Amino acid sequence: MSLNSELSELFGLFAALMDIRGESAFKAIAFSKVSRILKDTTIDLKAAVEDGSLKKIEGIGASSQRIIEQYVKTGRSDDFEEVAASVPPGLIPMLQIPGLGPKTIALVWKQCGVTTLEDLVKAIDEGKLACLKGMGEKKIQGINEGIALRAQAGKRIGIVDALPIAEALLQRLRELPMVDMAEVAGSLRRRCETIGDVDLVCAPRDESAGAAVAAAFVKFPEVQRIVVQGSTKASVITVGGMQVDLRIVPADNFGAAIQYFTGSKDHNVKLRGLAAQAKMTLNEWGLYRLDAYDKGDKKPGMAPSIKPVASKSEQEIYKALGLSWMEPELRENRGEIEAARDGKLPRLIELADIRGDLHCHTTGSDGQNSIEEMAEAAIARGYEFLAITDHSKSQVIAKGMSAERLVQHAANIRKVGERLKKITLLAGCEVDILADGRLDFEDAVLAELDWVVASPHVSLKQPSDKATDRLLRAIDNRYVNVIGHPTGRLIFGREGLSPNLPKIFAAAAQSGTALEINASYPRLDLCDSHARGAIEAGARLSINTDAHSTGEFGEMRYGIHVARRAWATAKDVINCWTAAQLRAFIAKKRG
DNA sequence: GCCGTTTTCGGCCCGACTGTTTTCAGTCG
């Protein structure tokens, strides 16, 4: 695990421990924030400790800095260990149980001696919890259900599984005659790589039709089980076991609702702070002037009776707060609010900006389709160029090619390119970066190609410094144009390499080597925060599907999501350049 | 714990829901 993720985890645990200890919730929130900052950042913490730049990061104060410094130097933290020693570690996983929070956990620990989940189950069975203050029959039943729920589900799912189902449900909602507007919200709208549940928001044409919309929604064929069904909300479990929450709001409050339920939580918290500074209050119903709001009539489940400053559209709400509208992918409180205030939001890359794919496979190695079929599929997508990059010889399982076969393959690619004319085909290779940073082919072989993607496939658990040297060596090779899936991580699968990213980004920028956002799920590698670090360091990105069949070119959209979350514009991504620009990019590095 | 054109002290987002309550605490998103 990298130093950054170790420290991120430490601060996350620290926050949980403080919660259970009953310290000020704001302290725990502050440490959670530090945990998230460390998870997102690509800065080299060792270097930041040495040059004292740590405390310049907003959200990291004196205490956090002290903890990080000690941890970087010694691999441990006195502050953390002291707190950890005072709370049984078995209590921490209990925070994951729905309906069970820090206060209740502390109560059963101190009053009943519960220190593990097993203890808790036993205490419930023996009726020990019933004698606690504020603990009734229903609450105990709720905890029991929470434990069961946690055991059977609670797992996040990949965007690749969630998005198609959400889009199908959205389509059905929009086709309902009584529905005026419907939209996806939540982490799915922000295009996060994994999501907990799907949030949908819709507005009926007639405000009284809420119950009818909910009734129609729970009968959709994708729905397996109904959790809640009312006139303002319906919650269901789909056939695939995914939870989908539908909120039904008046059309006049649609913008506020979708803004609110899109989040992120951190983004909304910051926005509410801005509202408060301007003597306003922001909630899921709208943005209101504070003095009027306090006097207004409020009933649960209904819009406040007073006139809002803004509520119909997101644009209105942001505008009233002095901000331009923000793309959902940016709403993570990673500087987008300041950028929107200063008119410095990027024009994010779109799928339509992509002119070609620079990493795919054919039957030459482990792909399903021929060179011609892949090229025709690329033309059908409107691409101007396509790089065919089959595996090198070390990838025996993937039918990796010998040098002789590769040269013949390149000749075949060029022949197809000349015949088709409508597209520029680049004869390339995905060459393995061996564990020590050597490439799987000699330079003389690579020099025969138009395009080289160099990727790590083995030794993905090597130490950070070795991984750094390995990738730097590949970047240094004049024939290497892209580092493919640079860390080798798999979502839900493996952590992959954790190289010193600032060094990698700087070398890539300086040498004219692009870094890949591999669009194939579950790779999505680089991830969003890494890709953003690369852009900030001046490196170019390349979004590629790594398609092993013509159908997989369609995965480009998932790579675009990552790039947008990384604040990428079309100029940052070489797939948006013209074929001529690409040729110049190649020629410049070859020298 | 963090932060500062309302502050170096005193705030820190807001509403809904639930359960165990006679006015509120805990949890969730």
Side-chain angles (χ1 to χ4, degrees), chain A residues 11 14-15 17-37 54-68 79-80 83 94-108 129-130 132-143 145-146 149 185-187 195-199 201 227-228 230 232-233 235 243 245 247 249 253 256-257 259-288 290 293-294 296 298-304 321 333 337:
Chain A
F11 276 95
F14 213 147
L17 292 167
M18 288 167 118
D19 262 339
I20 295 172
R21 276 163 57 108
E23 294 184 40
S24 152
F26 296 110
K27 284 190 186 184
I29 289 168
F31 272 180
S32 303
K33 202 171 159 191
V34 174
S35 169
R36 210 210 64 191
I37 291 167
L54 216 48
K55 57 174 169 275
K56 285 184 196 147
I57 302 171
E58 193 190 316
I60 297 182
S63 298
S64 297
Q65 165 151 327
R66 202 176 56 239
I67 293 165
I68 294 168
D79 290 350
F80 174 74
V83 174
M94 288 188 205
L95 287 167
Q96 303 297 315
I97 298 167
L100 197 58
K103 298 287 194 303
T104 313
I105 291 172
L107 189 70
V108 297
L129 258 55
L132 294 175
K133 189 168 176 284
M135 191 68 73
E137 200 180 320
K138 285 212 173 170
K139 217 163 176 183
I140 292 170
Q141 193 193 336
I143 294 171
E145 282 168 7
L149 209 67
S187 53
I195 61 147
D197 57 20
V198 173
D199 291 296
V201 179
V227 182
V228 179
T232 61
K233 185 184 165 170
S235 225
Q243 176 155 343
D245 296 337
R247 321 269 168 169
V249 301
N253 305 88
Q259 194 290 315
Y260 180 88
F261 289 111
T262 295
S264 67
K265 193 179 166 192
D266 288 329
H267 175 88
N268 284 355
V269 165
K270 185 115 183 178
L271 229 48
R272 289 204 178 86
L274 278 187
Q277 275 177 29
K279 301 266 190 284
M280 293 191 278
T281 181
L282 178 64
N283 56 40
E284 61 257 57
W285 298 104
L287 181 67
Y288 300 88
L290 207 50
Y293 189 76
D294 289 340
K298 291 169 290 268
K299 284 192 201 120
M302 286 181 65
L321 291 169
N333 191 24
I337 292 172

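Bear in mind that the values here come from a model prediction, so they are computed numbers and not experimental data. Just so we're on the same page: letters track the sequence lines, and every chain starts at 1.
The gap from the P atom of B/dC12 to that of B/dC17 amounts to 24 Å, rounded to the nearest Å. Nucleotides B/dC13 and B/dT20 have their P atoms positioned 30 Å apart, rounded to a whole Å. One C1' atom belongs to B/dG11, the other to B/dT6, and the distance between them is 12 Å to the nearest Å. Atom name P, nucleotides B/dG15 and B/dG10: the rounded distance is 25 Å, in whole Å. Comparing the same atom, C1', in B/dC2 and in B/dT8 gives a spacing of 12 Å after rounding to whole Å.
Protein atom NZ of A/Lys33 is 10 Å distant from nucleotide atom C1' of B/dG1, rounded to whole Å. For A/Lys270 and B/dC13, the NZ to C1' distance is 13 Å, given to the nearest whole Å. Protein atom CZ of A/Arg21 is 10 Å distant from nucleotide atom P of B/dG1, rounded to whole Å. Per the geometry, CD belonging to A/Gln277 stands 10 Å off C1' belonging to B/dG4, to the nearest Å. Straight-line distance from the NZ atom of A/Lys56 to the C1' atom of B/dC2: 18 Å, rounded to whole Å. In this structure, CG of A/Leu271 is placed 11 Å from P of B/dC14, rounded to the nearest angstrom. Atom CD of A/Glu58 is separated from atom P of B/dC2 by 12 Å (rounded to the nearest Å). Rounded to an integer number of Å, the gap from CG of A/Leu274 to P of B/dC12 is 14 Å.
A/Val201 approaches A/Ala185 most closely through the heavy-atom pair CG2-CB, 4.0 Å. Between A/Gly101 and A/Leu95 the shortest heavy-atom distance is C-CD2, 4.3 Å. The minimum heavy-atom distance between A/Ala256 and A/Asn283, with the atom names listed, is CB-O, 4.2 Å. The nearest pair of heavy atoms linking A/Leu274 to A/Leu321 is C-CD2, 4.4 Å.
Backbone-only engagement by A/Asn283 is indicated by non-hydrogen atom pairs under 4.0 Å involving sugar-phosphate atoms exclusively. No engagement by A/Ile29 is indicated, since no non-hydrogen atom pair under 4.0 Å with the nucleic acid exists. Nucleic acid contact for A/Ala62: sugar-phosphate only, since backbone atoms but no base atoms lie under 4.0 Å from a heavy atom of the residue. Backbone-only contact: A/Tyr293 has heavy atoms under 4.0 Å from sugar-phosphate atoms and none from a base. Residue contacts for A/Phe31: at a heavy-atom cut-off of 4.0 Å it reaches the sugar-phosphate backbone alone, with no base atom in range.
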Determine all donor-acceptor pairs shorter than 3.5 Å in which one atom belongs to a side chain in residues 17-34 of chain A; sequence neighbours excluded.
residue: A/Arg21; atom: NE; partner: A/Glu23; partner atom: OE2; Å: 2.7
residue: A/Arg21; atom: NH1; partner: A/Ser86; partner atom: OG; Å: 2.6
residue: A/Arg21; atom: NH2; partner: A/Glu23; partner atom: OE2; Å: 3.2
residue: A/Ser24; atom: OG; partner: A/Phe26; partner atom: N; Å: 3.1
residue: A/Ser32; atom: OG; partner: A/Ala28; partner atom: O; Å: 3.0

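Atom NZ of A/Lys139 sits about 10.0 Å away from atom CG of A/Leu132, to the nearest 0.5 Å.
A/Asn268 and A/Gln259 form a side-chain donor-acceptor contact under 3.5 Å, judged by distance and modelled atom types alone.
Using a 4.0 Å cut-off between a side-chain N of Lys or Arg and a carboxylate O of Asp or Glu, A/Lys270 and A/Glu58 qualify as a salt bridge.
Heavy-atom distances to DNA chain B give each of A/Gly59 and A/Val269 a nearest nucleotide, and the one nearer the 5′ end belongs to A/Gly59.
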Report summary line: Going 5' to 3' through nucleotides 16-29 of chain B and flagging B where a protein heavy-atom sits under 4.0 Å of the base, S where only the sugar-phosphate is that close, and - otherwise, we get SS-SS-----SSSB

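B/dC14 and B/dG29 make up a base pair, with Watson-Crick or G-U wobble contacts both under 3.5 Å.
Remark: A/Ser63 is in phosphate contact with B/dG1, judged by side-chain N or O atoms under 4.0 Å from OP1 or OP2.
Here B/dC14 is the nucleotide among B/dG1, B/dC14, B/dC3 with the atom lying nearest to any side-chain atom of A/Thr281.
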